[in-house]
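Please read the structure below before turning to the comments.
Because only heavy atoms are used, hydrogens play no part in the values below, and waters and symmetry mates are left out as well, while side chains stay in. The shown structure was predicted, so the numbers you read here are calculated from the model rather than taken from an experiment. For ligands, and for the atoms within them, numbers begin at 1 and follow the listed sequence.
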Amino acid sequence: MKDEKELYVTRPDLPDFGLYAEKLKQIWENKILTNNGPLHQEFESKLKAHLGVDHLSVYSNGTIALLAALKALDLKGKVITTPFSFVATAHSILWNNLEPVFADIDPKTGNLDPESVKKLITSDTSAIMPVHVYGNPCDLEAFEKIRKEYGVKLIYDAAHCFDVKLKDKSILLEGDLSILSFHATKAFNSIEGGAIVSKDPALIEKLNLFKNFGFRNELEIDGYGINGKLNEFQAAFGILQLDNLSNNIQKRKICFEYYKELLAGVKGIEFIDFTPSYSYNYSYFPIIVKDDYKLTRDGLYDRLKAHSIFSRRYFFPLISNLNIYKDFPSASPELLTNANYLGDRILTLPLYSELSREDIERICKLVV
Ligand code: T4K
């Protein structure tokens, strides 16, 4: 129906235009546009304070942050990861000339299953890269045990996890490194952007050099780095976004709970299991469209689309079923039964801070 308001899976939060214009004036006056300028430095310190972490390096986006993180750890051989994620997760492994090995997931959360990971560890495994899917943390204890027992590196793709905490403690301090994304579609955005967090100051120092080609000073270059710098315009945007974040997350939470209320008990619709002890950023509202629902998942997707509601099938197709990955031995659908089950049934409904109660009611009427 053409005249219905279009609803997208997400809409970005934006800072106040007047406040942003003031920041732009500052850029116009000092003519520093990029390369670790004053706003970049301010953004980095504000992020550390906000997230409660001591060591963090801001990057131009989450994907470059993932590439640099793997490179900085000097990995060899194979990296075990999940097929149920955005392609950037596996791409970052391939870009480092490492082999991705896909393990299966927990079908209730979409997160990598530690038991399935354990079965795939060999002497060639140098790292494990789980994803906290939808900002819902993986089994942190189990992965920490695996890290210690097998002496492998543990890199969390925490692209969805800005501000996710357990009893006021950021989960970004788990493992060797965690990578964030500040893309426009995330709960916290700086248009594009990302960051790497670690407990290890030497690693973050290395990654600080890496994002500027490896330059230590005008004459010395340490390692072959990359251009992963965030510019001053994005840093200014990010700084202002931090002030509105808790308010925006609160609005998302209200939407999330309203959805749950309206969809509770609908035959064939199930929710992803979010572990209750964490505080979340409510980036996504995924539902599982089971076989006893009146339509297939794609049938529901099409029904919503016909009414100008653009849900998304995050994460379908599975990475392991894409042409680039499907011939890796671990990508076989018979080995990844849970991931294939969830990938075929998942649907992510619109969720963002400006979504109204009426919008949610309109969406839910089409689902019920
Ligand atoms: N690891 C994980 C687990 C990730 O999910 C991601 C990114 C990464 C790593 C890599 O991080 P980055 O390098 O991106 O920092 C989106 C995002 O581009 C991507 O950042 C995100 N994950 C992924 C899950 O979703 P698309 O192709 O689905 O986005 P797109 O452009 O179709 O946008 C979805 C909807 O959002 C649009 O229909 C309308 C709305 N939208 C989007 C943009 C960009 C707006 O209203 N305004 C906008 O500016 O990938």
Name of the residue among F84, Y156, Y284 meeting ring pair (Phe, Tyr, Trp, His ring centres under 6.0 Å) with H132: Y156
Winner among I179, L7, V131, D157 once heavy atoms are compared against atom 9 (C) of ligand 1: D157
Top protein contact for atom 38 (O) of ligand 1, by heavy-atom distance: Y8 CD2, 3.6 Å
Atom 5 (O) of ligand 1 [closest protein heavy-atom partner, distance rounded to 0.1 Å]: H160 NE2, 2.8 Å
Residue portion contacting ligand 1 (non-hydrogen atoms closer than 4.0 Å) for T63: both
Ligand 1 N/O within reach of R11 N/O, cut-off under 3.5 Å: yes
Nitrogen or oxygen atoms of Y284 and ligand 1 under 3.5 Å apart: no
Numbered atoms and elements of ligand 1 in range of N61, under 4.0 angstrom, heavy atoms: 13 (O), 15 (O)
Winner among H183, K186, H132 once heavy atoms are compared against atom 21 (C) of ligand 1: K186
Heavy atom of protein inside 4.0 Å of atom 13 (O) of ligand 1, strictly below: yes
For S85, atoms of ligand 1 separated by under 4.0 Å from a heavy atom: 3 (C)
Ring-ring centroid check Y325 H91, cutoff 6.0 Å: yes
N-O pairing of K290 and E270 below 4.0 Å: yes
4.0 Å heavy-atom contact, Y314 with ligand 1: yes
Cation-pi geometry met for R297 and F316 (6.0 Å, 45°): yes
Residues R345, D291: salt bridge by 4.0 Å N-O rule: yes
Closest candidate by heavy atom, reference atom 41 (N) of ligand 1, pool V9, L67, T10: T10
Shared hydrophobic cluster for F285 and I272 (ILVMFWY, side-chain gaps under 4.5 Å): yes
Numbered atoms and elements of ligand 1 in range of P12, under 4.0 angstrom, heavy atoms: 45 (C), 46 (O), 47 (N)
Between F256 and F274, ring centroids under 6.0 Å: yes
Test: D176 and R147 ion pair at under 4.0 Å: yes
A159: numbered ligand 1 atoms lying under 4.0 Å from its heavy atoms: 1 (N), 2 (C), 3 (C), 4 (C), 9 (C)
Distance under 6.0 Å and angle within 45° of ring axis: R357 vs Y258: yes
Distance from atom 4 (C) of ligand 1 to nearest protein heavy atom, with residue and atom: F86 CB, 3.5 Å
Atoms in ligand 1 with a heavy atom of T185 nearer than 4.0 Å: 16 (C), 17 (C), 20 (O), 33 (O), 36 (O), 42 (C)
Close-contact set for ligand 1 against A88 heavy atoms, below 4.0 Å: 8 (C), 9 (C), 10 (C)
Ligand 1 atoms in contact with S181 (distance to a heavy atom under 4.0 Å): 11 (O), 12 (P), 15 (O)
Contact atoms of ligand 1, heavy-atom distance to A184 under 4.0 Å: 49 (O)
Check ion pair E44-K211 (N to O, under 4.0 angstrom): yes
Taking atom 32 (O) of ligand 1 as the reference point, the nearest protein heavy atom with its distance: R312 NH1, 2.9 Å
Electrostatic pair K206:D74 at N-O distance under 4.0 angstrom: yes
Ion pair D54/K199, N-O distance below 4.0 Å: no
